[in-house]
Amino acid sequence: MAAAETLKLAFGVLKGSRSTKFKSVPVLLRGSYFQINDQSSEKILPASSLDAGVAMAIGQRQLFSNFSRMGQELFSIFQLERKRLLGFISITIAIILAFQYLELPYGAVQPTVFSGNKIPTSDSTRFQAADLPSNSETFKNMTYLNQENSTGENALEIVDITKTSEVKDNVLSTGLISEPARELDRSLEFGVTDESSTEESIEISNNGYATGQTGNLGLSIHNNTVSHSPSHLALPSPTEVSQNITPPMLSNDYDETEFTEDERFKPPQDDVKIVENNSSVSSMPKETKRSQIPVEATTISKMNELLLQNRASYRSMRPRWSAAVDQELLQTRSEIENAPIVNDDINLYAPLFRNVSRFKRSYELMERTLKVYVYREGAKPIMHSPYLLGIYASEGWFMKQMKASKQFVTTDPKKAHLFYLPFSSRMLEETLYVQNSHSSRNLVQYLKNYVDMIAGKHNFWNRTGGADHFLVACHDWAPKETRKNMARCLRALCNSDVKEGFVLGKDVSLPETYVRNAQRPTRNLGGNRISKRKTLAFFAGGMHGYLRPILLQHWENKDPDMKIFGILPKSKGNRNYIQYMKNSKYCICAKGYEVNSPRVVEAIFFECVPVIISDNFVPPFFEMLNWESFAVFVLEKDIPNLKSILLSIPQRRYLQMQMMVKKVQQHFLWHRSPVKYDIFHMILHSIWYNRVFTAKAR
């Protein structure tokens, strides 16, 4: 009886551990059949099998308990592993995002591990042995050639460079080779100055343009905040499009490749910053960079060869339909090629030119024949806003005088030999560039939409694919902003780098002129006579790019004849800088971030022989002027030998070059009203000349 109670108790425990009640549990023990019914108190259990039944009940209980415990453990392990997996995934994503952020200093996280602008494309800069490395990466060292210690032609020396400050392009009131207008929070004045003042400042106000709707381009500006979206940059509606003979040929598709993050896409910077006191100025740059002087530079003689080759081979797009101006251009070319010999001209000094006879004939035909159509489309401040002060003044002065010219401008596009796109690359940057974005995508998109608009509205662009259109742009970024959508245009560029898409024989090297007084642009013109020029060579400027630190490393405070400085102490009207130029025989024109520098024109302005240290730089009016007759070209790798190179020039040769600098000066001067052979006419002539020699007939 006790055994039966024990068995019942065991089954009761088993039943209590289940979620469902037992109705009937049949058990087979030792060949006998036992029936236990939980609904009754009847117990049909032979005594001989009680021990086996208890054992079986206990075994089943343990089995159920083990399975339950195992299930709980497996569930706990699953929960733990899931949390670990989620944690690992979260950490991985965080690392990827952090990597992207470090790779893209402007914080534009992209959907791939590597940013798109690091992927080489057909339009991106190619790395070749002769090319400068991309500025898109930050390096710790700077690499350059050192002839003294090199064991081979291409031996390199690595030196560490350290900057003292992040060079910011703003000159305080008296700065020279600087541009006060480059800061964004300043009021805007277009050439309004006080003649009695010793300096000018062009400023852009945060509220300068409360709201501007730029034509059909969908640009909204408010309090210096730009709202820009490509979807808003719409072309004119079909009702505005003229009926063309052929469908509109729009500009090339927008290049999706972002520009590399380099000095070009930092907020623009001045060339010299004046410090407040006379304390010693360290010339080393703050940021460390490793950059390489080109092993193979495009020398001035090589550029001469390229010009001749391109002149013989390059032709623009054949017009899609014929026009009377095509035959006029072909006739002009023939007359220039067969120009009468010029023996003497009181206004032109023959040794300055490659061929003074051809220049004079071409200039005469320009005055007699050339007609330019200026597009009216586009709104200020990017379009039709001539900016007359600072280092980008060339594009503003040209725009102002071109639009005002009654001699060259025509309102009948059918008579036009050239079509002018009147935009300011400086105002494009001031208006649309997003600070610290290191991207010019919206600037490029704006120009693309402008071209698409005029191509859709008129048939002039479509006829030649833009080959008879021209632009004048002095900002450093202009070559990349125009290299695709305006590639067929005649581009007058200050940043004329033959390794960066500048096409000799088509594009024009635009002089970078620093204008301080719009009322008197020739103020302080000239220099001291030769007997008072006691300094052999002079340079002063900010540490922009890789080259200037090398120059100062070799020559700063190393030789009394070589006045090589970083940032000059502040002086009223920047007299120190001006006097150094007026008192020096040679003025060093070392490249900064880009190949161009306003020092080239400044040297001519102050009658100092320019020494150009900028491999691959195409000097202004290269297709016309014989630059080697009045300037010295020194390869970047030869900086250690700079003094010996200058001293090797005979005194007689120096006197001849200095005299020719005075002769060529007239071609680099702005006047409030253009005069014959001045810089305005020289720019226009170079554009005209290149169009004549690249034009095709139908």
Contacts of type side-chain contact (heavy atoms from CB on, under 4.5 Å), residue Val601, not counting sequence neighbours
Pro511, Thr513, Phe668
Test your reading of the model: is there a side-chain donor-acceptor pair from Asn517 to the backbone of Arg520, 3.5 Å cut-off?
yes
Does the structure place the NZ or CZ of Arg354 under 6.0 Å from the centre of the six-membered ring of Phe622, at an angle of no more than 45° from the ring's axis?
yes
Working to the nearest 0.5 Å, report the span between CG of Asn596 and SG of Cys474.
6.5 Å
Test your reading of the model: is there a side-chain donor-acceptor pair from Glu623 to the backbone of Tyr689, 3.5 Å cut-off?
no
Using a strict threshold of under 4.0 Å (side-chain N to carboxylate O), is an ion pair present between Arg368 and Glu364?
no
Determine, stepwise, if the pair Met660 / Val609 fulfils side-chain contact (heavy atoms from CB on, under 4.5 Å).
CA-CA 9 Å; Met660 297 186 75; Val609 175; over 6 Å; no
For Asp497, is there an ion pair with Lys591 - N to carboxylate O distance below 4.0 angstrom?
no
Please step through side-chain contact (heavy atoms from CB on, under 4.5 Å) for the pair Asp326 and Arg463, ending with a clear verdict.
CA-CA 11 Å; Asp326 297 335; Arg463 195 179 79 88; 2.9 Å; yes
Which atom pair, heavy atoms only, marks the closest approach of Leu525 to Leu669?
CD1-CD2, 3.8 Å
In this structure, OG1 of Thr482 is separated from CG of Leu493 (nearest 0.5 Å) by 5.5 Å
Beyond-backbone contact of Asp507 with Val618, side-chain heavy atoms, under 4.5 angstrom:
no
What pairs of donor and acceptor atoms, side-chain ones from residues 415-422 against any protein atom, are under 3.5 angstrom apart with sequence neighbours left out?
{"residue": "His417", "atom": "ND1", "partner": "Lys371", "partner atom": "N", "Å": "3.2"}
{"residue": "His417", "atom": "NE2", "partner": "Glu328", "partner atom": "OE1", "Å": "2.5"}

Ring-ring centroid check Tyr677 Tyr363, cutoff 6.0 Å
yes
Regarding Asn690 and Thr694, do their side chains bring together a donor and an acceptor under 3.5 Å, going by distance alone?
no
Under 4.0 Å between a Lys/Arg side-chain N and an Asp/Glu carboxylate O for Glu602 and Arg599?
no
State, with a plain yes or no, whether a side-chain heavy atom of Val374 is found less than 4.5 Å away from one of Phe408.
no
Measure the spacing between NE2 of His671 and CD of Gln666 and express it to the nearest 0.5 Å.
8.5 Å
First locate atom CD of Glu594, then atom OG of Ser614, and finally report the distance between them rounded to the nearest 0.5 Å.
9.5 Å
Is the closest side-chain heavy-atom distance between Leu388 and Pro386 below 4.5 Å?
yes
When rounded to the nearest 0.5 angstrom, what distance separates CD1 in Ile588 from CD1 in Ile613?
5.0 Å
Check: Ala455 main-chain N/O paired with Asn462 side-chain donor or acceptor under 3.5 Å
yes
With a 6.0 Å cut-off (strictly less than), is the heavy-atom count around NZ of Lys414, excluding the residue itself, greater than 12?
no
Tell me if a side-chain donor or acceptor on Gln665 pairs with a main-chain N or O of Ile604 at a distance below 3.5 Å.
yes
Would you say Thr464 and Arg488 are linked by a side-chain donor-acceptor pair, where the criterion is simply a distance under 3.5 Å?
no
What is the minimum heavy-atom distance between Pro381 and Met427, and which atoms define it?
O-CB, 3.4 Å
Shortest non-hydrogen contact from Glu395 to Ala473?
OE1-CA, 3.3 Å
Decide if the gap between the ring center of Tyr446 and the ring center of Tyr450 is smaller than 6.0 angstrom.
no
Applying side chain to side chain donor-acceptor pair (under 3.5 Å) to Ser440 and Glu481, what does each step give before you reach the verdict?
CA-CA 8 Å; Ser440 68; Glu481 292 167 353; 5.0 Å; no
In plain terms, say whether Lys457 and Glu377 are close enough for a salt bridge, that is, a side-chain N and a carboxylate O under 4.0 Å apart.
yes
Here the pair of heavy atoms bringing Trp670 nearest to Ser394 is CZ2-O, 3.6 Å
Any residue meeting ring pair (Phe, Tyr, Trp, His ring centres under 6.0 Å) with Phe680, in chain and number order, not counting sequence neighbours
Phe398
Would you call Val515 and Leu389 a side-chain contact if the rule is heavy atoms closer than 4.5 Å?
yes
Can a side-chain donor-acceptor contact be found between Tyr375 and His469 if the only test is distance below 3.5 angstrom?
yes
Among side-chain atoms of His685 and Ser362, is any donor-acceptor pair under 3.5 angstrom?
yes
Is there a donor-acceptor pair closer than 3.5 Å between any side-chain N or O of Ser425 and the backbone N or O of His475?
yes
Heavy atoms only: give me the nearest Leu471-Phe423 pair and the separation to one decimal.
CB-CE2, 3.8 Å
Would the distance check show the side chain of Arg333 and the main-chain N or O of Ala695 forming a donor-acceptor pair, the cut-off being under 3.5 Å?
yes
Side chain proximity check, Lys676 to His681, heavy atoms < 4.5 angstrom:
no
Worked check of side-chain contact (heavy atoms from CB on, under 4.5 Å) between Val661 and Phe605
CA-CA 9 Å; Val661 166; Phe605 193 90; over 6 Å; no
Taking C-beta and beyond as the side chain, do Arg483 and Arg491 meet within less than 4.5 Å on heavy atoms?
yes
Can you find a heavy atom in the side chain of Ile578 that is under 4.5 Å from one in the side chain of Lys582?
yes
Please enumerate all residues that pass disulfide bond (SG atoms under 2.5 Å apart) together with Cys589, with sequence neighbours excluded.
none
Find the distance between CG (Leu428) and CD1 (Ile382) and round it off to the nearest 0.5 Å.
5.0 Å
Quick one: does any side-chain atom of Ser437 pair with a main-chain N or O of Val434 as donor and acceptor, under 3.5 Å?
yes
Ring-face cation of Lys663 near Tyr349 (centre distance under 6.0 Å, axis angle within 45°):
yes
Residue among Phe630, Phe359, Trp627 satisfying ring pair (Phe, Tyr, Trp, His ring centres under 6.0 Å) with Phe353
Phe359
Residues Val409, Met402; criterion side-chain contact (heavy atoms from CB on, under 4.5 Å); working and verdict
CA-CA 7 Å; Val409 173; Met402 183 75 262; 3.8 Å; yes
Using salt bridge (charged side-chain N to carboxylate O under 4.0 Å, His left out) as the criterion, list what pairs up with Asp678, not counting sequence neighbours.
none
Can you find a pair of side-chain heavy atoms, one from Ser316 and one from Arg691, that are under 4.5 Å apart?
yes
Give me the one residue out of Lys400, Lys403, Arg376 that meets side-chain hydrogen bond (donor to acceptor under 3.5 Å, both in side chains) with His384.
Lys403
Shortest non-hydrogen contact from Phe502 to Ser509?
CZ-N, 3.6 Å
By disulfide bond (SG atoms under 2.5 Å apart), Cys489 pairs with (sequence neighbours left out) none
